[in-house]
Enquirer: 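The following block contains the structure, expressed as structure tokens.
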Amino acid sequence: MLRGRNTAHDRRRTQGTVRVLAFACGWLSAEASTVLSRASGRIDFPIPAYLIEHPKGRVLFDAGMHPGLRTSPRKRLGQWADLFRISYRAGDDIAGQLRRLDLDPAAIEVVASSHLHFTHAGGLEFLPNARIVVQRREWAAAHRDDLIERNNYIPADYDHGHLIQTVEGEHDFFGDGSVVSFPSFGHTPGHQSLKVQLASGQIVLTADACYFRETLDRLHLPRIVYDRSEMLSSLLRFRDLKRSGARIFYGHDAEFWKTIPKAPVPIC
Ligand SMILES: [Zn+2]
């Protein structure tokens, strides 16, 4: 049974400090050069989403892929679908992952959207009561025909009448500095990442501003980038954060993904 409030899950949430639950809304396989320009062969990667639990509420960071990609990817993605092999089991979409945690997707009140690509925004449709916090530049780009085409946005992923909160620069979700989004432009016009302060230290959920450890260590960019110079600036900012002790959570790194706990085990 689904309960929005007063569940054992809620009681755990209010006892401690901030924790993060990680899950993969499916996996993709693609030519490696798509995501690392100088690489060859194919590469498999997870499509992560994260639920951040703070004593004052929850923030979902990204919403994964639309469940329709399980059965008819070409219908949603057009010929882009041919670039990917999609592994997406029933129940691994964002609604299914939340239900597994005994959470009603309709009870999610806030989504921090890194950006509006189909791998991150496809599940928004199934979070009907969420306020979507997105950088103003990203939302604007996703509503301009030329930039929709250039960035391969799919408006059917994000145009569902949600309450949209556009932000510029950093956004502090709970007013205490523990969950803060910040611009990491370059991958798309208005990409943002999320800093989360856990008892064990700070983590940085980079999303697509840094696909892999290799992206950061060697400044090895993807083949498709909206603005290379902005993306490099974002990567240098991640390097600074790493030097100051933050743990970097790479956006789609299968090797890194193996090293972190997955829901229902929290990262804390
Ligand atoms: Zn992306």
Side-chain angles (χ1 to χ4, degrees), residues 24-37 39 43-50 60-66 69 73 76-86 88 93-94 111-124 132-144 147-159 181-194 204-216 220-235 237-238 248-254 256-257:
C25 297
W27 285 66
L28 292 180
S29 160
E31 273 190 29
S33 62
T34 313
V35 286
L36 287 167
S37 62
I43 190 165
D44 293 320
F45 50 91
I47 306 300
Y50 298 90
L60 186 65
F61 185 60
D62 285 338
M65 300 187 288
H66 193 282
L69 292 186
R76 272 197 95 75
L77 302 183
Q79 55 191 9
W80 254 71
D82 300 342
L83 288 180
F84 303 105
R85 257 201 315 269
I86 300 172
Y88 205 3
D93 61 296
I94 195 71
V111 174
S113 170
S114 66
H115 68 305
L116 295 167
H117 276 159
F118 77 95
T119 35
H120 296 256
L124 292 175
I132 298 170
V133 181
V134 59
Q135 288 286 321
R136 184 189 58 76
R137 281 173 53 151
E138 183 73 7
W139 190 251
H143 292 86
R144 257 183 58 177
L147 293 180
I148 287 173
E149 191 179 340
R150 180 163 165 200
N151 289 288
N152 299 293
Y153 295 123
I154 300 172
D157 281 338
Y158 48 81
D159 273 340
S181 65
F182 62 100
S184 47
F185 300 155
H187 172 73
T188 56
H191 191 284
Q192 64 180 350
S193 302
L194 194 72
V204 178
L205 308 178
T206 66
D208 284 3
C210 188
Y211 284 145
F212 306 105
R213 184 185 302 275
E214 159 103 6
T215 319
L216 189 61
H220 189 167
L221 267 53
R223 183 155 48 84
I224 301 167
V225 179
Y226 175 72
D227 185 317
R228 290 180 66 83
S229 137
E230 282 195 320
M231 185 157 189
L232 284 168
S233 300
S234 298
L235 290 170
R237 173 136 197 224
F238 295 145
I248 305 297
F249 279 43
Y250 307 100
H252 291 288
D253 190 315
F256 168 77
W257 189 246

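These numbers come from a predicted model, not from an experiment. These values consider heavy atoms only, across backbone and side chains, with no hydrogens, waters or symmetry-generated copies. We count ligands from 1, going down the list as the structure has it; atoms in each ligand are counted the same way.
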Enquirer: Before you tell me yes or no, could you show the steps for Gln192 and Ser181 under side chain to side chain donor-acceptor pair (under 3.5 Å), namely the whole-Å CA-CA distance, both residues' side-chain angles and the distance that decides it to 0.1 Å?
Expert: CA-CA 6 Å; Gln192 64 180 350; Ser181 65; 3.1 Å; yes
Enquirer: What is the name of the N/O/S atom of His117 that is nearest to the Zn ion (ligand 1)?
Expert: ND1
Enquirer: Please state whether the rings of Phe118 and Trp80 are parallel, tilted or perpendicular, taking 30° and 60° as the class boundaries.
Expert: perpendicular
Enquirer: Around Arg228, counting heavy atoms of other residues, nucleotides and ligands shown, do more than 12 lie under 6.0 Å from its CZ?
Expert: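 No, because the 6.0 Å sphere around CZ of Arg228 holds 12 heavy atoms or fewer from other groups.
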Enquirer: How about His115: does one of its N, O or S atoms come closer than 2.8 Å to the Zn ion (ligand 1)?
Expert: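 Checking the Zn ion (ligand 1) against His115, an N, O or S atom does fall under 2.8 Å.
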Enquirer: Around Glu214, counting heavy atoms of other residues, nucleotides and ligands shown, do more than 12 lie under 6.0 Å from its CD?
Expert: yes
Enquirer: Give the atom name of whichever N/O/S atom in Asp208 sits closest to the Zn ion (ligand 1).
Expert: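 For Asp208, the N/O/S atom sitting closest to the Zn ion (ligand 1) is OD2.
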Enquirer: Measure from the Zn ion (ligand 1) to each N, O or S atom of His187 and report whether any distance is below 2.8 Å.
Expert: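 So His187 does bind the Zn ion (ligand 1) by this criterion.
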